[in-house]
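A short write-up of the structure that comes next.
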Amino acid sequence: MEEILDQKKIRIEKLEKLKGLGLNPYPYKFVRTHIIKEIREKEEEMVGANSVAIAGRIMAKRGHGKTVFADIKDESGKLQIYFRKDTLDKKLFEIVDLIDIGDFIGAQGEIFKTGTGELTLLVKGFEFLSKSVFPLPEKWHGLKDKEIRYRKRYLDLIMNKDVREMVVMRAKIIKKMREILDSKGFIEVETPTLQPLYGGAFAQPFKTYYNALERDYFLRISDELYLKRLIIGGIEKVYEICKDFRNEGIDKTHIPEFTMLEAYEAYADYADMMDLTEEIVTGITKALFGSLKFNFQGNEIDVSRPWKRLGFYEGIESLTGENLSEVTRGKAYTFARDHGIDIDENAGKGKILDEIFDEMVQPKLIQPTFVIDYPLEISPLAKKHRKNPELVERFEPVIAGIEIGNAFSELNDPFDQRERFEQQKSMKEMGEGEIQELDEDFLKAMEYGMPPTGGLGIGVDRLVMLLTDIPSIREVIVFPQLKSKE
RNA sequence: GGGCCGUUAGCUCAGCUCGGUAGAGCAUCGGACUUUUAAUCCGAGGGUCGUGCGUUCGAAUCGCACACGGCUCACCA
């Protein structure tokens with residue numbers, strides 16, 4: 001169908017014409033003297049400079065008979081270029097007609113300023129670097145259709161500056177994250193993406209078949225249990241930044257394929273992990289903005305340390321006036337229902353409380369807050385609170401109502417750990433949908449002895465959302481999956 | 001999975017209420033123009049109106065089904 005598009009036909013004719021003139025529309029190389037940003041930054045000294053060679057994609061073309069203006073864009077910026085009949089070889093000027101919006105061009109000439117003050121390259125020679133045969137989206141309205149934006153990210157990147165900025169910011173954020181962890185002596189590792197048992201979180205996995213091993217495998221929902229094995233093995237500070245896969249719904253803060261940082265430190269507890277979280281987030285924020293404040297969806301977020309600490313039950317009480325720390329499951333269930341929270345009837349007490357918190361408290365936490373000390377039953381991998389055995393030493397950092405991570409004093413007592421797995425199993429029998437499956441191999445590792453350990457997970461995509469002021473997780477992922485059309 | 005909305009030219013959109021052989025701007029093509037910049041001016045081409053079925057003399061328009069997408073609710077840490 002594309003084959004019959006007139007604009008494409010015409011462009012192919014131009015391409016043939018170029019070939020007919022002995023020109024290669026797809027050559028191998030072009031040597032630039034400058035990138036556009038350099039020319040703009042050194043504007044004053046560049047004016048008058050001769051033999052400046054730049055390359056890029058033609059984004060606009062304005063013909064005036066014996067002169068032609070065009071905009072050329074490289075990765076660093078955009079520059080106007082100017083073709084004049086009297087400064088170009090006659091044959092070459094005729095070829096200007098064959099330039100289309102979208103073509104890659106290498107041009108060489110002199111930098112000057114036009115009457116209106118626009119920095120411009122007066123072209124003395126140019127060549128085609130790649131002929132574009134399909135028209136780009138419109139220059140003024142650009143490309144808006146989200147479906148096309150996600151399916152053809154290359155067009156989105158060409159047309160929408162924000163997307164490029166997001167990609168760059170994302171790279172900077174992850175780079176800084178590594179820098180901070182590396183500088184503190186953390187070792188970066190890679191653990192299996194394909195796992196025989198999935199664990200470390202509550203979620204439905206993606207399932208696959210491992211031909212060579214002749215059995216079903218799962219894409220990891222977390223790398224937690226592997227990183228802890230490394231702690232057991234004596235790597236005292238360890239981290240991994242990787243994709244996790246959870247076969248569940250998509251919304252503004254959830255997506256099945258997402259990026260997670262997990263870091264573990266021996267001899268540390270969750271309070272140390274709070275410090276580490278603050279250090280990572282403030283370090284990145286400072287590196288990006290030069291300050292500790294940024295804007296997210298109309299709220300000014302200030303990540304200055306120390307962040308607020310809010311007890312899980314304390315949070316519920318302060319916003320609902322109700323102390324739910326010692327109520328029965330039934331009472332918690334009724335309370336949730338009375339407040340319009342729809343809850344699965346098989347949900348355990350911890351799950352219900354978690355829902356109440358997520359619905360009623362979390363959205364109100366705009367400035368950075370560590371929600372601390374969670375109910376035991378929803379945290380089977382966390383160590384019991386040193387002062388209250390009903391709670392665990394766990395926290396979630398929340399910013400702008402979004403939980404950006406999860407951390408604990410890691411459970412290192414293999415007997416307690418086994419009990420927790422058993423407890424999970426019985427919860428499943430009660431009807432709870434998602435539980436932490438018992439992992440014998442992991443328990444065995446722990447039985448050899450695991451030091452006290454602090455563990456931290458940070459949702460990288462969510463952090464990127466916050467720091468780029470983009471409210472949807474799909475926007476901060478370069479290629480979000482869409483259903484394929486047959 | 002539910003609800004609402006969308007799908008019309010390469011792109012951005014009108015037209016649908018109240019059925020009568022499809023419009024604009026940009027892009028493209030032809031012409032004019034040697035400092036324009038959403039260049040301008042004159043002229044032209046370009047569409048199985050998401051797909052299928054139905055109602056009707058006649059469907060972009062009304063109905064049903066399906067596909068894809070968006071928002072939202074639910075699910076999901």
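Proteins get letters first, then strands, A, B, ... in listed order; numbering begins at 1 in each. All values below come from the heavy atoms of this structure, side chains included, with hydrogens, waters and symmetry mates left out.
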Residue list, side-chain hydrogen bond (donor to acceptor under 3.5 Å, both in side chains) with A/Q297, at least two apart or on another chain:
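Testing A/Q297 for side-chain hydrogen bond (donor to acceptor under 3.5 Å, both in side chains), a comparison that skips the adjacent residues, returns A/D469.
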Which listed nucleotide (B/U34, B/U35, B/C68) is nearest to the side chain of A/T114?
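Nucleotide nearest to A/T114's side chain: B/U35.
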Among B/U28, B/U35, B/A38, which is the nearest nucleotide to the side chain of A/I10?
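It is B/U28.
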To the nearest Å, give me how far apart [atom1] ([X]) and [atom2] ([N]) are.
X	N	atom1	atom2	result
A/E138	B/A24	CD	P	15 Å
A/I148	B/G70	CD1	P	12 Å
A/K9	B/G10	NZ	P	13 Å
A/D6	B/A27	CG	C1'	13 Å
A/R84	B/U36	CZ	C1'	12 Å
A/K61	B/U35	NZ	C1'	18 Å
A/I99	B/C29	CD1	C1'	17 Å
A/K17	B/C29	NZ	C1'	11 Å

Does [X] place a side-chain N or O at less than 4.0 Å from the phosphate oxygens OP1/OP2 of [N]?
X	N	value
A/R62	B/U36	no
A/K483	B/C68	yes
A/K139	B/A27	yes
A/K252	B/U72	yes
A/K14	B/U28	no

Is the backbone of A/A263 close enough, under 3.5 Å, to the side chain of A/E240 for a donor and an acceptor to pair up by distance?
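No, the answer is negative, given that no donor and acceptor are paired below the 3.5 Å cut-off.
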Under 3.5 Å donor-acceptor, A/D416 side chain and A/E419 backbone:
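No; zero donor-acceptor contacts below 3.5 Å.
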By the 4.0 Å heavy-atom rule, please label [X] as base, sugar-phosphate, or nothing.
X	value
A/N406	base
A/F258	nothing
A/K85	nothing
A/Y150	sugar-phosphate
A/G63	base

Pair assignment for [N], Watson-Crick or G-U wobble, requiring both distances under 3.5 Å:
N	result
B/G1	B/C73
B/A32	B/U40
B/C62	B/G54
B/G6	B/C68

Under 30°, 30 to 60°, or over 60°: which ring-plane class applies to A/Y82 and A/F112, parallel, tilted or perpendicular?
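Rings of A/Y82 and A/F112: tilted, 30 to 60°.
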Angle between ring planes, A/F312 versus A/F357, binned at 30° and 60°: parallel, tilted or perpendicular?
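Correct class here is parallel.
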Quantified in whole Å, what is the [atom1] atom distance between nucleotide [N] and nucleotide [M]?
N	M	atom1	value
B/G54	B/G2	P	26 Å
B/U72	B/U56	C1'	37 Å
B/U35	B/C29	P	22 Å
B/A44	B/C11	P	24 Å
B/G30	B/G23	C1'	23 Å
B/A14	B/U61	C1'	14 Å
B/G50	B/U28	C1'	25 Å
B/C71	B/G31	P	46 Å

Decide yes or no, distance alone: a donor-acceptor N/O pair under 3.5 angstrom between the base of [N] and the side-chain of [X].
X	N	result
A/T67	B/U35	no
A/D86	B/U34	yes
A/D251	B/C75	yes
A/Q80	B/U36	yes
A/Q7	B/A27	yes

Decide yes or no for A/I105 and A/L129: does some side-chain heavy atom of the first lie under 4.5 Å from some side-chain heavy atom of the second?
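No; the side chains remain at least 4.5 Å from each other.
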Might you point out which heavy atoms bring A/Q362 and A/G401 nearest each other, and give the distance in Å?
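Closest approach of A/Q362 to A/G401, heavy atoms only: NE2-O, 3.1 Å.
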Check each of A/K139, A/R62, A/R57 against A/D71 using the salt bridge (Lys or Arg N to Asp or Glu O under 4.0 Å) test, and report the only one that passes.
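Answer after filtering A/K139, A/R62, A/R57: A/R62.
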Quick one: on RNA chain B, does A/D354 or A/L143 contact a more 5' nucleotide (nearest heavy atom)?
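In this pair, the answer is A/L143.
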5' precedence on RNA chain B between A/Y374 and A/D71 (nearest-nucleotide basis):
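In this pair, the answer is A/D71.
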